[in-house]
Every structure is written in C-alpha cells, then in structure tokens.
Amino acid sequence: MNKIFTLLLTGVVLTSCGSKTDKKKEEPAAQETAATYEANWESIKEHYKDPEWFNDSKFGIFIHWGAYAVPAYGSEWYPRQMYMDTATFSAQLKLGQKGPNATYLHHKETYGDQKTFGYKDFIPMFKAEKFDAKEWIDIFKKSGAKYVIPVADHHDGFAMYKSNTTRWNSVDMGPKRDVLGELFKEGREQGMIMGASSHYAFNWSFYNKKDKFDTTDPEFADLYSAKGKDLTEPVSEEFKKLWWDRTTDLIDNYQPDILWFDFYLDIPDYKEYRPKIAAYYYNKGIEWGKEVVINDKNFDHEAFPEGTVIYDLERGKLPGIRKLPWQTDTSIGKNSWCYVTNWESRTANSLVDDLVDIVSKNGNLLLNVGPKADGTIPEDQKEILFQIGDWLNVNGEAIYDTEYWSTFGEGPTEVKKGHHSEGQNKGFTGQDIRFTKKGDKLYAIMMEWPEGNKVDIKSLGKANEYGKELNIKNVRLLGSDAKISFDVKDDALSISNLGSKTGNFAHVLEISL
C-alpha cells in the first residue's frame, strides 16, 4: 500500500507512519542530530518508507542525452560498440555476435581509425546550441508527467553537470553548460519533482581496451577508466572510490529527489557500497527536510533488499499487483534510448496502455525521450508526449493519486514478467479491463473500445468475489456527457450502450460507489 513517513527528529530518532490520509510533512526539528540511517540494511529497513509522493505521481520522464547523440547511430551504446572489432560482448561479458560490430565499421568508415578519432573526439562536437531547459520542461509538463530524471552520468563517463571529480563534464567541455542544473532549476520552478540517474558504475568495463584504440592511452584513463585489457578484471578499489566521490558530489550539489541507478551497481564488486550510498542519500534527505528515494533494478538478484528502494524494471512489466511501489522504465524509441537517425517510435496508444496497466498494479511509468545533439526534442517524440498529455487531461483522475484495487483487472491478454520483456507482449483488446480506485470512485479502464459499444465487466458481478460487496450508484464515461445505463447482474456489470467513442486510446468508466 502507499506509505508516507513524517520526519520528527529528536536526538537521533526518526518516527515513521503509513497513513494514506495523513499527507502533511513536518520539517526536521534539528539538523545537528546524528545520522538516522546507518550503512547497513537492518538500519535502512527499520527507518525507510516509500515516499507517498512517488506513488501518487505515476508518470515521469527519463532523458538520455549526451555526446553519444552526435554520431546518432546504433544506440547510446555507440561508445562501447565502436571499439568492438572482433566480437560484441554484453555487459555481463557474454559473447554476442562474432566479427566486427556494425558500429565499429560505421565509425571507421565515417570518422576514421579509433586510435586517432576516439569517442573523446565527439565531445567537442556536442555543442547543444539549441538546448532550452524551459522549452523541455514545458513539453514534459504538457505530457502530464510529474517528475523528470535526466541522465547525469552514463556509461561513457561524461558528466552532464558541473562535476568536482572529473574534467569530462558539460560545463568544462562540449556544451559548456550545466545541463542538469538548468533542468533542475526550471523544473523545480514549475513544480516538477527532479531526479538524476547514475550509470557510471559500468564505466569501469564499458570500453574495450586494445593498443589499436585510444582507450589505452593513459591521458584519457579518466574518461575510459583505468581498467586494463583483461575483460574480466574486477572493479578496482580506486575506481569504486571514484564512483563514490562522483555520486556523493552529484547528491550534495543537486539534491535530487530521486536517485536512479543502472544495473552494474548490482554486481558483487559494489556490494559494500550499496548500503553505504543508501544511508548517505537518505540521511541527506533528512538534512534537506524532504523525502528522497532510490530507484534500482535488482537486475539478476536482490542487490538492494525489498523495501529499501523502489524496484525498477527496464522495458518490462509485472503480471500482477505488487503491494510495494515499483516502476517501469521504457523508451519512446523501440530501438534506442538516445536519438539515432533511424529512431523508431512506439505509438502513444501502446504507451497509454502501458501506463494504465502499470498503475493498476501499483507501479509508475518512467518514459524516455532522446533529444538530438543540438538540444532539440524531435517532433515525432513531442507529438507522442502531447497525445499522452491530452489523454491524461481527460482521464488523469483515474491515474494520479490512485491506489490499486482488489484485482488489477480482467481480460484475455497476459503480460510477460521481467526486464526486457515488453517485446513479447501482445496488444490489448476491448475485453481487457484495468482497475484503479480513489475515495468512493472505482475506475474501470477499457484498454480498447469494445465491439458494439457494450461491455460486461465480470469482476463487478454480484456473484464475483470482488464485486459482491459493492454498491454501484452511477457509471460515467470520462470525457462524455452521455448518460449510461447499467445493470449489475450476478455474472457482470453489464453496459449495453456506452454511447459515442471518446478519444483514441484507453477509455475510462468512473464508477461511483
């Protein structure tokens, strides 16, 4: 269920509560007290509660933007794949295709040899001359998003903010602007919740190291990492300390409401740093007088114990309700997270369906955009965001500030579970219904307009375990003034005439109880 904690500091005490109705947050009584969270999971589990505001927000925007947008080829993994000359290895060092990667060949043909023109040479070309933080935040607000998470550090090692730990940052190089800082300032002025993502842990193993590449040049080890040529070399203590310094620098100077971590932090090498960074960040939240939250994938095991962070699924969903809040992160782009010239967008209809399905199961949707290197958001991506926003303008009451119901829904279409499973899912039908609730309202969301303008909702029948205690007083189609007649039967809530179709995406029945 949704949870909120009230911060009441007397000495070292933090008192938590979990009331859905008590949403007032009191300021910490004293900032000079000792840390509440200790760097162990027992302490973190004792004090941590998922923030109410996160679960209420439901919809956020992710932004993958960096020097990898300059070549605009392949994906945001261009910096890795441009050095894959004999084979392509996954992040887990599993052998993919043998032979040179297509990005490697493209780079040699387009920019020259990787020894003389390496990834570092894209950074001066990354000028962001049309970047306008206000325009971006205006677009995101119009989409209906409540929070924004720009990528602060990607695997490539280039910081999109004023870093005190690396020269490879957007203020000293490339755009010569504090991209993260500008977005945070504008977003917060417009009432958005602002987070930052860190993918830097993987920088250690991101680049292939061979003498024929510039990645072994010690002059650039602070971009390409100091790892040697052995692909299996464990993360060094020096690099882990660098990761810590870089992450705490980001936390201290930007005070993100959300700190989103990518998969590589989950590996055993970083085990001792996970409770340490969680305690550090959560204590900072107390110092700042606000609730903060970590998002993590727990990619192949429970790296962050359940109940200590928000569980995040990459390009995947859950088949049923998770009582603890969770999140799906996916991209508008089918084939990339960063802008590429052959970008293929998903439809707004499929993304609205994802949002509805996820929210019905107590989750949030974090939707990625990929701006061009010049700082413009492509028109096709903007149009999709605006279509989602138009749908939320009509139907947002069934999404924002809602809770999951007794069952997430009904219908013939099953949803696959787990990371990277979205490509296995089939489209929803008019018989697929999803439920949310708020106060005395139950929302039945039809994923497609049903044939014949009629629908039978089996979960709401008098003989059904979920519907037997309900007293349905009225049914209304959001966005329509038509009066809807309904009949509560033993086997279903039956509506024989929904009236005229409203909108092109999921359709919401507001049921008054």
Side-chain angles (χ1 to χ4, degrees), residues 2 54-62 143-146 295 310-332 334 346-368 384-385 387-389 391-392 394-438 441-450 455 457-460 466 478 503-511:
N2 295 339
F54 182 87
N55 205 27
D56 286 346
S57 299
K58 303 303 182 188
F59 179 40
I61 296 294
F62 212 3
S143 78
K146 299 298 184 182
N295 296 171
I310 296 290
Y311 175 49
D312 180 275
L313 275 163
E314 180 177 335
R315 288 195 186 271
K317 299 190 291 186
L318 294 177
I321 292 168
R322 183 179 190 262
K323 292 187 177 181
L324 288 174
W326 60 283
Q327 178 175 259
T328 285
D329 70 283
T330 192
S331 179
I332 292 176
K334 295 179 183 178
R346 294 184 57 188
T347 66
N349 183 40
S350 70
L351 292 167
V352 167
D353 283 353
D354 273 356
L355 175 63
V356 170
D357 183 56
I358 290 163
V359 170
S360 74
K361 298 167 182 175
N362 202 33
N364 286 21
L365 173 62
L366 180 63
L367 180 62
N368 178 73
I384 287 168
L385 292 176
Q387 289 180 55
I388 295 171
W391 184 86
L392 283 166
V394 175
N395 302 287
E397 66 179 80
I399 300 296
Y400 304 123
D401 303 315
T402 60
E403 300 176 273
Y404 62 89
W405 189 50
S406 304
T407 180
F408 69 87
E410 64 182 58
T413 307
E414 295 182 358
V415 172
K416 301 296 182 182
K417 177 182 179 180
H419 294 285
H420 302 289
S421 61
E422 71 179 15
Q424 304 172 42
N425 289 327
K426 299 178 180 178
F428 291 105
T429 71
Q431 286 71 51
D432 289 301
I433 312 288
R434 295 294 181 265
F435 299 107
T436 62
K437 70 174 182 177
K438 183 193 303 179
K441 306 293 186 187
L442 176 65
Y443 299 97
I445 308 173
M446 302 174 289
M447 306 299 264
E448 294 290 334
W449 190 256
V455 63
I457 306 177
K458 297 176 182 178
S459 300
L460 305 184
Y466 304 120
L478 297 189
N504 297 314
F505 309 144
H507 308 274
V508 180
L509 292 170
E510 177 197 80
I511 300 169

Trainee: State, to 0.1 Å, how close Leu367 and Ser331 come at their nearest heavy-atom pair, and which atoms those are.
Mentor: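 Minimum heavy-atom separation between Leu367 and Ser331: CD1-C, 3.9 Å.
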Trainee: With a 4.5 Å heavy-atom cut-off, do Ile445 and Leu509 have their side chains touching?
Mentor: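 They are not in side-chain contact.
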Trainee: Output yes when a side-chain donor or acceptor of Lys441 lies under 3.5 Å from a complementary backbone atom of Glu510, and no otherwise.
Mentor: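 Not a single qualifying donor-acceptor pair exists.
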Trainee: Is a side-chain donor or acceptor of Asn362 paired with a backbone partner of Lys323 at a separation under 3.5 angstrom?
Mentor: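 Judged by distance alone, yes, a pair lies under 3.5 Å.
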Trainee: For the pair Arg322 and Tyr311, evaluate side chain to side chain contact (heavy atoms under 4.5 Å, CB included) and give the outcome as yes or no after the intermediate values.
Mentor: CA-CA 10 Å; Arg322 183 179 190 262; Tyr311 175 49; 3.9 Å; yes
Trainee: Write down the atom of Gly363, the atom of Lys58, and the distance for their closest heavy-atom approach.
Mentor: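 Closest pair (atom of Gly363, atom of Lys58, distance): O-CD, 4.1 Å.
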Trainee: Not counting sequence neighbours, which residues clear salt bridge (charged side-chain N to carboxylate O under 4.0 Å, His left out) with Arg346? List them please.
Mentor: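 Salt bridge (charged side-chain N to carboxylate O under 4.0 Å, His left out) list for Arg346, sorted by chain: Asp354, Glu422.
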Trainee: Could you list the residues that satisfy side chain to side chain contact (heavy atoms under 4.5 Å, CB included) with Thr347, not counting sequence neighbours?
Mentor: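 Asn349, Ser350.
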Trainee: Quick check for you: to the nearest 0.5 Å, what is the distance between Leu366 atom CG and Asp312 atom CG?
Mentor: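 Output value for this atom pair is 7.0 Å.
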Trainee: Run the side chain to side chain contact (heavy atoms under 4.5 Å, CB included) test on Leu313 and Leu318 for me, step by step, so that the C-alpha distance in whole Å, both residues' side-chain angles and the decisive distance to 0.1 Å come before the verdict.
Mentor: CA-CA 9 Å; Leu313 275 163; Leu318 294 177; 3.5 Å; yes
Trainee: Calculate, to the nearest 0.5 Å, the distance between atoms CD and CG belonging to Glu397 and Leu392 respectively.
Mentor: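 Here the interatomic distance stands at 11.5 Å.
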Trainee: Return yes if some donor-acceptor pair links the side-chain N/O of Thr436 with the main-chain N/O of Thr402 below 3.5 Å, else return no.
Mentor: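 Side chain of Thr436 to backbone of Thr402, a donor-acceptor pair under 3.5 Å: no, none is there.
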Trainee: Within 45° of the six-membered ring axis of Phe408 and under 6.0 Å from that ring's centre, is NZ or CZ of Lys361 located there?
Mentor: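 Satisfied, under 6.0 Å and within 45°.
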Trainee: Is the positively charged end of Lys437 above the ring of Tyr443, judged by distance under 6.0 angstrom from the centroid and angle within 45° of the axis?
Mentor: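 Cation-pi check for Lys437 and Tyr443: fails.
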Trainee: Which residues satisfy the ring pair (Phe, Tyr, Trp, His ring centres under 6.0 Å) test with Trp326, sequence neighbours excluded?
Mentor: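 Result, ring pair (Phe, Tyr, Trp, His ring centres under 6.0 Å) vs Trp326: none returned.
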Trainee: Under a 4.5 Å cut-off applied to non-hydrogen side-chain atoms, are Ile384 and Leu351 in contact?
Mentor: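 They are in contact (side-chain heavy atoms under 4.5 Å apart), so the answer is yes.
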Trainee: Ignoring hydrogens and angles, tell me if any N or O in the side chain of Tyr400 forms a donor-acceptor pair with the backbone of Phe59 under 3.5 Å.
Mentor: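 Judged by distance alone, no pair lies under 3.5 Å.
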Trainee: With sequence neighbours excluded, what pairs up with Phe54 under the ring pair (Phe, Tyr, Trp, His ring centres under 6.0 Å) test?
Mentor: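 Checked Phe54 against ring pair (Phe, Tyr, Trp, His ring centres under 6.0 Å); matches are Tyr147.
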Trainee: Is a side-chain N or O of Trp449 found less than 3.5 angstrom from the main chain of His507, in a donor-acceptor match?
Mentor: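 Here the side-chain-to-backbone pair does not exist.
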Trainee: Determine the sole option in Ile61, Ile388, Val352, Leu355 for which the side chain to side chain contact (heavy atoms under 4.5 Å, CB included) test with Leu365 is passed.
Mentor: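 Going through Ile61, Ile388, Val352, Leu355 one by one, the side chain to side chain contact (heavy atoms under 4.5 Å, CB included) with Leu365 is satisfied by Leu355 alone.
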Trainee: What closest approach, in Å, do Thr407 and Ser459 show between heavy atoms, and which atom pair accounts for it?
Mentor: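 Between these two residues, the closest heavy atoms are CG2-OG, 4.3 Å.
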Trainee: Nearest 0.5 Å please: distance from the CD atom of Glu403 over to the CD1 atom of Ile321.
Mentor: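 Here the interatomic distance stands at 11.5 Å.
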Trainee: If you measure from NZ on Lys334 to CZ on Arg315, what distance do you get to the nearest 0.5 Å?
Mentor: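 The NZ atom of Lys334 sits 10.5 Å away from the CZ atom of Arg315.
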Trainee: Specify the closest pair of heavy atoms between Ala444 and Ile457, including all atoms of both residues, with the distance to one decimal.
Mentor: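 Smallest heavy-atom distance, with atoms named: CB-CD1, 3.8 Å.
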Trainee: What pairs with Asp329 under side chain to side chain donor-acceptor pair (under 3.5 Å), at least two apart in sequence or on another chain?
Mentor: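 Asp329 satisfies side chain to side chain donor-acceptor pair (under 3.5 Å) with no residue once adjacent residues are dropped.
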Trainee: How long is the gap from CG on Asp56 to CG on Asp401, to the nearest 0.5 Å?
Mentor: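 One finds 4.5 Å between CG of Asp56 and CG of Asp401.
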Trainee: Could you report the tightest heavy-atom contact between Ser360 and Tyr404, atom names first, then the distance?
Mentor: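 The answer is O-CB, 3.6 Å.
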Trainee: Quick check: do Leu385 and Ile332 have side-chain heavy atoms less than 4.5 Å from each other?
Mentor: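 Contact flag for Leu385/Ile332 side chains = yes.
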Trainee: Should Phe435 and Glu410 count as side-chain neighbours, where that means a heavy-atom distance under 4.5 Å?
Mentor: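 In short, these two side chains touch, coming nearer than 4.5 Å.
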Trainee: State, with a plain yes or no, whether a side-chain heavy atom of Asp353 is found less than 4.5 Å away from one of Glu448.
Mentor: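 Yes, their side chains come closer than 4.5 Å.
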Trainee: Which residues pass the salt bridge (charged side-chain N to carboxylate O under 4.0 Å, His left out) test with Lys458, sequence neighbours left out?
Mentor: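 Salt bridge (charged side-chain N to carboxylate O under 4.0 Å, His left out) list for Lys458, sorted by chain: empty.
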Trainee: With a 4.5 Å heavy-atom cut-off, do Phe428 and Asp357 have their side chains touching?
Mentor: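 Touching, per the 4.5 Å side-chain cut-off.
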Trainee: Could you tell me whether the side chain of Val455 reaches within less than 4.5 Å of the side chain of Ile433, counting heavy atoms only?
Mentor: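 Result yes, sub-4.5 Å side-chain heavy-atom pair found.
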Trainee: Is a side-chain donor or acceptor of Ser143 paired with a backbone partner of Ala145 at a separation under 3.5 angstrom?
Mentor: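 Yes; judged by distance alone, with no hydrogens or angles, the pair exists.
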Trainee: Starting at CG of Asn295, measure out to CD1 of Ile310 and round the result to the nearest 0.5 Å.
Mentor: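 It comes to 6.5 Å.
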Trainee: Using atom types as modelled and distance alone, determine if a side-chain donor or acceptor of Asp432 lies under 3.5 Å from a backbone N or O of Met447.
Mentor: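 Absent.
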